[in-house]
Amino acid sequence: MDWLSTVRNAGREAGQRVLKKHLRLGVTGLSGAGKTALITSLVHQLTRPDSAKQLSLWPVARHERLLGAQILPAQDATKPRFPFEQNLQQILAGQWPESTTGYSQLSLLVRVQQAHSWLEHFAPFQELQIDLIDYPGEWLLDLPMLQLSFAQWSAQSWQRFAQPPYQALSDVFVGELQQICQQGLSELTLAQAVQRYTEFLQQLRQAHSLILQPGRLLQPGHLQGTPLLNLLPLPPWFGEQFPQWQARLTEQFALYQQQVIQPFYREHFAKLDRQIVLVDALSVLNHGYQSLLELQQALLCIQQHFHYGPQGFWQRLFAPRIDKVALVASKADQLTPEQHRNLSLFLQQLLQQSQAQQKFAGCESLVLVAASVICSVQGQVQTGGGVMPCLQGKSKATGGMLTLFPGEVPISMPSAAVFAHHQFNFPELLPLGQQCDAMRFDQLLQFLIGDRFT
Ligand SMILES: Nc1nc2c(ncn2[C@@H]2O[C@H](COP(=O)(O)OP(=O)(O)O)[C@@H](O)[C@H]2O)c(=O)[nH]1
Ligand SMILES: [Mg+2]
């Protein structure tokens, strides 16, 4: 893009933002929370020909004012486009889109009829441009590293690695790291240590650990093979024994902060107007107490990096703040409907502290239980104990049809003792195919953009 078109685009965007016709919507969630599925489904629900019917509880749709939406041509051809069409095709074919390996974006133009015909003399309809971006959830987990020094980051990481579910793995890793460090610091030994640490992170992921840093080691994107990724936390007790390693990794840490995390943050997160925080509460319940604690901690730390608060004219133009955040429990189609209320209460408890901070900053929040792609059919079965709710869907693990009662969602944070004698087992499902219908997206849209259509 030449400089003239860059300036023109920036000017046009500023004008639209002043007129409230432009909104940057961030979808924040850890890897696997369902961000890619949500963006695909959101674009689909808005652009499909029967959008008004699908979004019938959204007042502009209910009042037959929704004219639909269109995907806008890319304004910056150098940035990857979100593969909406491919993702939708996969969902319609009964598969999930591939896991995200890089950054991509898409802009939509939503059009709504004027509320009164006399307003049409000024403008035939109301329009809103929504910018969406997708990125690997692994990268989000780097944000908390911005506030730390290398020594603090190392201490925090090794404290986590010592937790019971990971201790055996970390004992093996620390022994190997010791041997590598003893060979002295060189580009070769550093690369070996990073390689072994990456394998250790992969093992931790299999053990359901959620805080895996630096995220680019697991999902490098275009940084694959660059020296910027030569980073690992050093056990705090190594510092004295291997001062050269400590000094070199401290430098690498600062480089990673400045050249990887900060640009990603500045470009994609610093300018959000509204936010969806997407949480897969069901899989953390499946994975146990330590995963639950890590999820809560990660979401709270990540949240510190977003600016929440009311948006005036000045903020909208120069220093955007998030004035509305939807806290969404994803994949509610994996539950029977009478459990949705429990899931909502559970999410509220999980995010209690985050929500309190957002409220204090003057940001409006909503807790919503939703699904991007409804993958189940609800029903009832007759049992010895009476009629029970159940659901039917295709198992992601086996591809076979399941009929089951997935279980109850606790209404508050379960203690470690609960996990010791109870195994949650919410199923993972595949799309049913032929359709991509969402649950409660009308409520989500009303909350997020309803006020932009008067
Ligand atoms: N049942 C169900 N599963 C979902 C839904 N959205 C996502 N998933 C599951 O979550 C996985 C990860 O979703 P994805 O969108 O790739 O997550 P991301 O890493 O946050 O982008 C998918 O492969 C599905 O198994 C949903 O609405 N319903
Ligand atoms: Mg994704």
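Side chains included, hydrogens not; waters and symmetry mates left out as well; all remaining heavy atoms used. Quick caveat: nothing in here was measured; it's all calculated off a predicted structure. For ligands, and for the atoms within them, numbers begin at 1 and follow the listed sequence.
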* Please confirm whether Tyr135 and Phe269 have ring centers closer than 6.0 angstrom. => yes
Quick one: table the atom pairs, ligand 1 N or O against protein N or O, below 3.5 Å, distance rounded to 0.1 Å.
unit_1	atom_1	unit_2	atom_2	d
ligand 1	1 (N)	Asp333	OD1	3.3
ligand 1	1 (N)	Asp333	OD2	2.8
ligand 1	1 (N)	Gln334	OE1	3.3
ligand 1	10 (O)	Lys331	NZ	2.8
ligand 1	15 (O)	Thr36	N	3.2
ligand 1	15 (O)	Ala37	N	2.8
ligand 1	17 (O)	Gly34	N	3.0
ligand 1	19 (O)	Gly32	N	2.7
ligand 1	20 (O)	Ala33	N	3.3
ligand 1	20 (O)	Gly34	N	2.9
ligand 1	20 (O)	Lys35	N	2.8
ligand 1	20 (O)	Lys35	NZ	2.8
ligand 1	21 (O)	Lys35	N	3.4
ligand 1	21 (O)	Thr36	N	3.0
ligand 1	21 (O)	Thr36	OG1	2.9
ligand 1	23 (O)	Lys396	NZ	3.2
ligand 1	25 (O)	Trp96	NE1	3.4
ligand 1	25 (O)	Lys396	NZ	2.8
ligand 1	27 (O)	Ser372	N	2.9
ligand 1	27 (O)	Val373	N	3.0
ligand 1	28 (N)	Asp333	OD1	2.9
ligand 1	28 (N)	Asp333	OD2	3.4
ligand 1	28 (N)	Val373	O	3.4

* To do: May I ask you to check whether Phe173 and Phe161 place their ring centers less than 6.0 Å from one another?
  => no
* Give a yes or no on whether a salt bridge exists between Lys331 and Asp280, defined as a side-chain N under 4.0 angstrom from a carboxylate O. => yes
* Asked: Just checking, any donor-acceptor pair under 3.5 angstrom between side chains of Gln303 and Gln357?
  -> yes
* When the ring centroid of Phe424 is compared with that of Phe419, is the distance short of 6.0 Å? -> yes
* Structure fact -> Taking 2.8 Å as the strict upper bound, the Mg ion (ligand 2) has protein N, O or S neighbours numbering 2
* Asked: How would you list, by chain and number, every residue that makes a salt bridge (Lys or Arg N to Asp or Glu O under 4.0 Å) with Arg48, sequence neighbours excluded?
  -> Asp50, Asp437
* Asked: Is there a donor-acceptor contact under 3.5 Å linking the side chains of Ser209 and Glu294?
  -> yes
* To do: Scan for ring-ring contact (aromatic ring centres under 6.0 Å, His included) pairs involving residues 67-112, sequence neighbours excluded, and state none if there are none.
  => Tyr103-His268
* Scan side-chain atoms only and decide if Glu199 and Gln195 contain a donor-acceptor pair under the 3.5 Å cut-off. => yes
